[in-house]
> 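Before I ask anything, here is the structure I am working with.
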There are 2 protein chains.
Amino acid sequence: MLNKNVFLEKYFLMTRSEENYLKTIFHLGGGDSKSITTNAIAEQMETKPSSVTDMAKKLSEKGLVDYVRYQGVSLTDAGIKTALSIIRKHRLWEVFLVKKLDFSWDEVHEVAEQLEHIKSEKLIDKIDALLDFPKYDPHGDPIPTKDGKFQERDEKLLSDMPINSNGICVGVKDSSVPFLKFLDKNKIALGNTIKVLDKEDFDNSLRIQMNGKEMRISHQIASNLYVKKND
Amino acid sequence: MLNKNVFLEKYFLMTRSEENYLKTIFHLGGGDSKSITTNAIAEQMETKPSSVTDMAKKLSEKGLVDYVRYQGVSLTDAGIKTALSIIRKHRLWEVFLVKKLDFSWDEVHEVAEQLEHIKSEKLIDKIDALLDFPKYDPHGDPIPTKDGKFQERDEKLLSDMPINSNGICVGVKDSSVPFLKFLDKNKIALGNTIKVLDKEDFDNSLRIQMNGKEMRISHQIASNLYVKKND
DNA sequence: ATCTATTTTTAGTTTTGTCTAAATTTAAAT
DNA sequence: ATTTAAATTTAGACAAAACTAAAAATAGAT
Ligand SMILES: [Mn+2]
Ligand SMILES: [Mn+2]
Ligand SMILES: [Mn+2]
Ligand SMILES: [Mn+2]
């Protein structure tokens, strides 16, 4: 009885703010027992370092992060588990919005930021099933499984591909609205085939074939596109 | 410019708590320029009258309710509009959960209480379209249109139907989980045909035919079922 | 018209999450 | 080893939303 209450407290009664902190710490690498600084978290979340310190204490108290004063925070196993469940929800909702409601990939993030905090295990499991258990979100980011496993993919940045190599465009590194809109405008989409034809030493721009059509791409762009190399 | 900010403040930046108050006031009849007492609101929301007073001032300040000290609150036109948009979202999400995710009608309310606060006009419009613009929610409650119109239905309580009259079960007055589960267990569902065979003066119970099968129903039950009478 | 029970409001506190400004610690440079 | 700049924490304040206890207003009964 007491045990159950402890469980409820730790895993279910998370505030929206706490969830956002855990997610951010995870994205900054705090899941690999790396210490993330308060400044880094504050910058990412557009808040103040002093606020981060307060939350670090609170999350530490709850056993979700390890916090050493002046040294930063890293996620505990419980913290990783919680962060992954939020990220899972975020990405599943993004897929839902694109596949079922015809949102474009540059519109989904903002809404998913809200939907990821809905508390209902049944709801997200049903959404998962409705979508036929997708492995990647609309930006090519992997969706953690229910038990918190990631499906890694052997991918590299287009800018790191050698000349004459082939592959398929599988993800974006920058998923900001302007970049996604730029890609749409230039008919660059996930799933497209890519062949690197030539690299320009002068500005590191690339000549590529995308779905058979030849085009030139700046280094800026190439360094924000993930490609799965053919064998 | 200033004007636009005022608009955003009033209509978009509503807190979850403010939205819940407006919804409750509407359900208590505050949309018909009837004054709702702080006590009534507090009881409905399971909070304290003093908290309601605070919120009444705040909502009044925002032009969403008319508030007269010691007299209670009623919704302004802006307040009604906002309340209806929350109710619309709540009911559309309930339909979504039942029709697309196979939730049962006793499971949807709790989740809809969360989903109704998601801020995205596009999202709810797309859900509406996905569901083919439903007019009623799983409990038979009407779904307001985008411009805040209600589709009224000519319905009456089963307990008020005369002997030998026919109709179709179209809604529940009490939509508590126990009542809904009781209806499931007794194969009473919306859409069923109903004929009143006999009324027992002693305890006001009814003998009815439901989908052709004869059954006896207590007054308690009959007074919580809405029926659309056949011409 | 006065009294009284009930309702409602006020005043003061609490919790959560944020902020600013000041103090402290750390890390880098001399 | 000092000095200095940057990062981090503390202290104190604030806003939102709730609460309790006390004060004030209302409405009903005499
Ligand atoms: Mn996203
Ligand atoms: Mn994404
Ligand atoms: Mn409901
Ligand atoms: Mn309903």
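Protein chains get the first letters and strands the later ones, always in sequence-line order, with residue 1 at the start of each. Quick caveat: nothing in here was measured; it's all calculated off a predicted structure.
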> Can you tell me how far P of C:dT16 sits from CG of A:N20, to the nearest Å?
17 Å
> Does the pair A:D125/A:R88 count as a salt bridge with the N-to-O cut at 4.0 Å?
yes
> Any ion pair linking A:E113 and A:K23 (charged N to carboxylate O, less than 4.0 Å)?
yes
> For D:dA18, does either OP1 or OP2 sit under 4.0 Å from a side-chain N or O belonging to B:T47?
no
> Go through the N and O atoms of the side chain of A:S50 and the base of C:dT20, and report whether any donor-acceptor pair is under 3.5 Å.
yes
> Tell me: CD1 of B:I36 to C1' of C:dT8, nearest whole Å?
16 Å
> Kindly list each side-chain donor-acceptor pair under 3.5 angstrom involving residues 95-106 of chain A, sequence neighbours excluded, with atom names and distances?
residue, atom, partner, partner atom, Å
A:S104, OG, A:D106, OD1, 2.9
A:S104, OG, A:E107, OE1, 3.2
A:W105, NE1, A:D184, OD1, 3.2
A:W105, NE1, A:D184, OD2, 3.3

> Measure CE/B:M45 against C1'/D:dA18 and give the value in whole Å, please.
11 Å
> Regarding A:H117 and A:N20, do their side chains bring together a donor and an acceptor under 3.5 Å, going by distance alone?
yes
> Could you give the OH-to-P distance, from A:Y21 to C:dT16, as a whole number of Å?
14 Å
> Students often get this wrong, so: under 4.0 angstrom with heavy atoms, is A:S17 touching a base, only sugar-phosphate, or nothing?
sugar-phosphate
> Can you confirm whether the side chains of B:S176 and B:D174 place a donor and an acceptor under 3.5 Å from each other?
yes
> Between P on C:dT9 and NZ on B:K48, what's the gap in Å once rounded to a whole number?
16 Å
> Could you state the atom-to-atom distance from CG of B:D54 to C1' of C:dT13 in whole Å?
13 Å
> Whole angstrom is fine here: how far is it from CG in A:N39 over to C1' in C:dA27?
14 Å
> Would you mind telling me which of C:dT9, C:dT16, D:dT9 lies closest to the side-chain atoms of A:P49?
D:dT9
> Look at B:T53 and C:dT9 and indicate whether a side-chain polar atom (N or O) is within less than 4.0 Å of OP1 or OP2.
yes
> Enumerate the protein-to-nucleotides 24-26 of chain C contacts in which both atoms are nitrogen or oxygen and the separation is below 3.5 Å.
residue, atom, partner, partner atom, Å
C:dT25, O4', A:Y70, OH, 3.4

> What contact category does A:T38 fall into here, base, sugar-phosphate, or nothing, at under 4.0 angstrom with non-hydrogen atoms?
sugar-phosphate
> Please examine the side chains of B:E116 and B:E19, heavy atoms only from C-beta on, and report whether any two atoms are closer than 4.5 Å.
no
> In plain terms, say whether B:K122 and A:E110 are close enough for a salt bridge, that is, a side-chain N and a carboxylate O under 4.0 Å apart.
no
> OP1 or OP2 of C:dT9 versus the side-chain N and O atoms of B:K57: is any pair under 4.0 Å?
no
> To the nearest Å, how far apart are A:M55 CE and C:dC19 P?
11 Å
